[in-house]
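Remarks on the structure that follows.
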Amino acid sequence: MYSQFNGKYDFVFVGNTMNLGENNSTAGCSDLLLTSSSANLNLSAGQTISGVYLYWAGSGLGDFDVKLNGTSITAERTFTNVSVTSGLNYFSAFANVTNLVSTTGNGTYTLSEFDISSTLNTIPGYCNNRTNFAGWSLVVIYNDPSLPLNQINIYDGLQSIPNTLSITLTSLNVINTAGAEIGFIAWEGDSNLAVNETLRLNGITLSNPPLNPANNAFNGTNSFTNSGNLYNMDLDVYNIQNNITVGNTSALIELTSGQDVVLMNCVVTKLNSQLPDATITIDEVEQECNSRNIVVDYTVYNVNSTDVLPGGVPIAIYANGTFIQYTETLAPIAIGGSESGQISLTIPNSISNNFTLQFVVDDTGNGTGIVQETNENNNSDSELISLWVSPLFNPLQDLFECVDVLVNVPFDFSNYATTVLVNPTDTVQFFNSYNDAFDNINPILNPSNFIVNANTTTIFIRIDNDHCFSITSFDINLILFPDFNELDDLFTCRIDANSSFDFSNYADLANVNSTDVVTFHESSEDATNNSNPITNTTTYIPTSTPKEIFVRIDNGFCNSVTSFFLDYYELPQFNPLENLLVCNEGYTQGTFDFSNYENEVKTNPDDNASFYTTLEDAQNETNEIVNISSFVAETTPKEIFVRVENENCFTTTSFLLTTENCPPIVYNYVSANNDGYNETFFIEGLRNVFLDFELLIFNRWGRLVWTGDNNAPDWDGFVTKGILLNDASSPKSTFYYILYLNDENYPEPLQGYLYFTK
């Protein structure tokens with residue numbers, strides 16, 4: 001149902017077709033449709049307009065902008081329908097034109113600029129099926145003091161009747177059948193198509209002869225003007241006092257059409273009905289801050305009614321759709337009267353602070369009522385309620401300022417006026433005490449230049465909304481910069497390109513307070529921002545020197561920054577030393593004199609040089625070689641390490657001691673007389689040097705008399721080869737020797753004469 005009127009009301013249809021002839025019997029299509037047509041409204045004296053509704057309809061998807069008496073009208077609601085049989089579209093449009101018609105009053109009404117010709121020219125199906133139509137109608141509801149109390153119900157939509165259509169009318173209370181009527185606005189009816197085309201109310205076929213025979217209800221007629229030339233539309237009204245019964249609360253309309261395409265647009269009923277109409281309004285809601293108790297003033301009305309509303313009508317109260325409390329009216333309410341009441345409600349905790357409060361009259365709490373009304377759909381009133389709560393606020397961080405002294409430090413916390421707010425419409429003020437904030441007195445007037453002289457000062461903030469306030473606070477803290485010890489610059493000897501520095505102990509050296517945190521940084525900016533700390537302080541290698549290292553000392557709130565430099569001591573330079581070579585004294589042993597190297601190795605005469613048999617001794621300055629002029633190397637080659645040292649650093653170099661097998665020296669006189677001199681044939685530099693030597697001794701006649709090697713003793717004159725003499729000792733004589741050294745450096749043997757005597 002679209003609308004309802006209760007009281008001394010009646011209705012009339014005013015309208016006209018745009019068709020120049022009936023589409024089912026007149027040749028042509030778009031040329032038989034006008035873009036404007038007119039009709040007259042003639043109300044009697046004493047009849048006043050209460051509501052006027054314009055409907056216009058036609059073939060196609062719609063023209064929803066028209067003019068009524070030159071005034072532009074745009075559809076407020078639209079209806080569309082697709083014919084089941086043809087698949088073609090049809091439309092209807094609605095606009096409330098009560099103000100326009102009430103101002104104009106009686107006279108001619110013209111609907112213009114209604115044009116569907118483009119649809120008919122584009123889609124031939126409408127002309128082929130003879131369903132090309134257009135028309136309009138005003139539904140006029142008027143008040144007449146001479147009428148009995150009636151109920152006018154308006155139902156609308158757009159529904160085709162290919163075979164049968166049923167419409168149930170509700171919200172009725174028939175107390176008298178006299179003058180009961182039903183009116184229809186229908187489209188596309190043809191006067192010469194009457195195949196099972198009926199209109200029934202409560203099972204009884206209606207007719208209105210001669211305009212509307214029982215078998216041709218939709219035939220292009222206007223019952224209000226008695227016109228039979230309302231081509232392809234029907235504005236018909238029927239007397240139904242014999243089709244309803246006193247006490248009826250509903251009625252069934254049934255429509256059939258066996259051939260003709262009929263579109264039902266609007267149904268209007270007029271019945272003599274006596275019913276109350278309970279409505280309710282929420283007038284005022286009283287609240288307190290941070291309370292879920294509210295007091296509601298409300299009023300129950302019986303305005304659009306034809307009977308008294310009895311007392312004791314239930315009122316159900318809902319919050320967000322949840323039933324929370326029940327009350328009821330006290331006394332009967334006359335037609336047009338009202339009753340006001342007040343109720344205290346406790347909103348359950350399960351309901352959010354923002355909720356919809358709904359009062360429903362004639363509701364027992366489960367959606368059902370006890371009173372039949374003219375309108376069962378207007379029993380409630382709702383209001384969006386926001387419980388008054390203290391304003392929400394954002395927690396504020398305490399403020400810290402690092403200072404050298406705790407005297408007259410200015411602070412600017414004016415930005416907290418917006419930072420604290422959750423709701424930007426709330427207001428903010430600052431106070432020196434909680435009591436001042438609570439009482440809203442003595443606010444801080446200049447939060448952009450607030451002077452602090454204490455370690456900690458608490459500032460209280462009051463946040464006000466339209467109804468409540470909250471108080472929060474933050475602290476202003478003055479923190480002294482941390483003390484620190486100045487650090488000495490750090491030097492190390494540059495041994496190579498990767499020489500590193502160890503300043504890990506500087507964290508303890510710099511710290512005055514053991515709880516402070518010390519970090520090292522390569523730039524002042526990094527130290528200030530506490531970014532990119534140096535993580536390796538034990539083997540740190542600078543990219544260049546001198547390198548300034550910045551030290552950040554942090555107490556958790558403030559930090560101080562100091563610095564020290566890293567730089568290299570240069571290593572002493574040295575001259576390279578040649579390896580030394582001496583004769584092999586046996587088993588690669590040699591005696592060496594490198595005392596001159598003490599000066600030769602130094603490029604700076606102020607440096608010191610010392611010699612060692614191992615690199616470790618040279619680095620640690622242990623086991624220095626004392627006798628460098630006659631150093632005996634028991635085996636060779638032997639590396640000697642030299643430590644060259646200046647006042648800051650030392651460096652090392654080395655040289656090799658090596659031996660060679662020098663030519664042996666032959667002593668060719670043997671006197672085996674036991675005097676201790678020249679007792680044997682001695683060859684100096686032979687034994688333990690040429691380990692594979694072979695010595696052959698021959699007598700003057702060339703006979704071999706003795707052979708020996710490194711395992712045999714020196715020859716003492718005894719003959720061990722050939723014909724032995726009686727005493728096995730050689731006589732005084734001259735002998736010949738051949739010495740095979742068996743050394744690659746001495747491929748030829750040594751040979752010569754030796755003299756033997758006793």
Side-chain angles (χ1 to χ4, degrees), residues 1-9 50-51 141 143 147-155 167-180 202 244-252 268-284 296-319 321-345 356-383:
M1 182 172 66
Y2 170 70
S3 185
Q4 184 182 86
F5 294 82
N6 290 280
K8 296 184 177 184
Y9 295 106
S50 298
I141 310 299
N143 179 272
L147 294 174
L149 294 173
N150 293 321
Q151 182 184 81
I152 307 293
N153 288 322
I154 301 174
Y155 308 83
I167 302 173
T168 299
L169 307 181
T170 59
S171 298
L172 306 179
N173 183 27
V174 180
I175 63 170
N176 191 335
T177 61
N202 290 337
I244 58 175
T245 304
V246 172
N248 282 164
T249 59
S250 65
L252 175 64
V268 181
T269 62
K270 181 184 71 172
L271 299 170
N272 187 246
S273 174
Q274 284 187 281
L275 288 175
D277 185 29
T279 60
I280 193 168
T281 60
I282 299 173
D283 300 324
E284 186 177 358
V296 182
D297 294 328
Y298 63 91
T299 302
V300 177
Y301 297 89
N302 184 28
V303 176
N304 188 28
S305 61
T306 55
D307 199 2
V308 173
L309 182 68
V313 175
I315 301 172
I317 303 169
Y318 299 86
T322 299
F323 176 76
I324 60 171
Q325 201 158 331
Y326 172 91
T327 187
E328 59 186 35
T329 61
L330 299 177
I333 302 175
I335 297 173
S338 64
E339 177 185 286
S340 295
Q342 186 181 80
I343 188 170
S344 295
L345 304 175
T356 299
L357 179 67
Q358 183 182 34
F359 276 51
V360 184
V361 64
D362 194 21
D363 182 354
T364 58
N366 58 8
T368 61
I370 63 172
V371 178
Q372 185 175 358
E373 304 175 61
T374 60
N375 186 350
E376 298 287 357
N377 299 315
N378 62 351
N379 296 110
S380 69
D381 188 27
S382 299
E383 185 171 327

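Looking only at side-chain heavy atoms (C-beta outward), Thr245 and Asn202 stay at 4.5 Å or farther from each other. Residues Ile343 and Ile315 form no side-chain contact, since every pair of their non-hydrogen atoms from C-beta on lies 4.5 Å or further apart. For the pair Asp277/Asn378, a side-chain contact is recorded, criterion being any heavy-atom separation below 4.5 Å from C-beta on.
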### Task
Take Ser50 and Asn143 through the test side-chain hydrogen bond (donor to acceptor under 3.5 Å, both in side chains) and record every step on the way to the result.
CA-CA 6 Å; Ser50 298; Asn143 179 272; 5.3 Å; no
### Message
Before you tell me yes or no, could you show the steps for Asn6 and Leu275 under side chain to side chain contact (heavy atoms under 4.5 Å, CB included), namely the whole-Å CA-CA distance, both residues' side-chain angles and the distance that decides it to 0.1 Å?
### Response
CA-CA 9 Å; Asn6 290 280; Leu275 288 175; 5.7 Å; no
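Scanning all heavy atoms of the two residues, the minimum distance from Thr329 to Pro310 falls at OG1-O, 3.9 Å. Minimum interatomic distance between Thr281 and Asp381 (heavy atoms only, all atoms of both residues): CA-OD2, 3.2 Å. Among all heavy-atom pairs drawn from Val308 and Pro332, the shortest one is CG1-CB, 3.9 Å. Contact detail for Tyr318 and Gly367: the closest heavy-atom pair is OH-N, 3.8 Å. Residues Thr168 and Leu252 share a closest heavy-atom pair of OG1-CD1, 3.8 Å. Residues Ala180 and Leu271 come closest through the heavy atom pair CB-CD2, 3.7 Å.
Relative orientation of the Phe359 and Tyr298 rings is tilted, given thresholds of 30° and 60° on the angle between their planes.
A donor-acceptor contact shorter than 3.5 Å links the side chain of Asp362 to the backbone of Val371. With hydrogens and angles ignored, the 3.5 Å screen pairs a side-chain donor or acceptor of Gln325 with a backbone N or O of Ser344. Remark: the backbone N or O of Asp307 is paired with a side-chain donor or acceptor of Asn302 at under 3.5 angstrom.
To the nearest 0.5 Å, atoms CZ (Phe5) and CG (Asn153) are separated by 10.5 Å. Atom CG in Leu149 sits 9.0 Å away from atom OG in Ser305 (nearest 0.5 Å). Ile333 CD1 to Tyr301 OH: the interatomic distance, rounded to the nearest 0.5 Å, is 10.0 Å. Atoms CD1 and CD1, on Ile324 and Ile317 in that order, are 6.5 Å from each other to the nearest 0.5 Å. To the nearest 0.5 Å, atoms NZ (Lys8) and OG1 (Thr306) are separated by 12.0 Å. To the nearest 0.5 Å, atoms CD1 (Ile280) and CG (Asn379) are separated by 9.0 Å.
Partners of Leu330 by side chain to side chain contact (heavy atoms under 4.5 Å, CB included), not counting sequence neighbours, listed by chain and number: Glu339. When the side chain to side chain contact (heavy atoms under 4.5 Å, CB included) test is applied to Ser382, the partners found at least two apart in sequence or on another chain are Thr356, Gln358.
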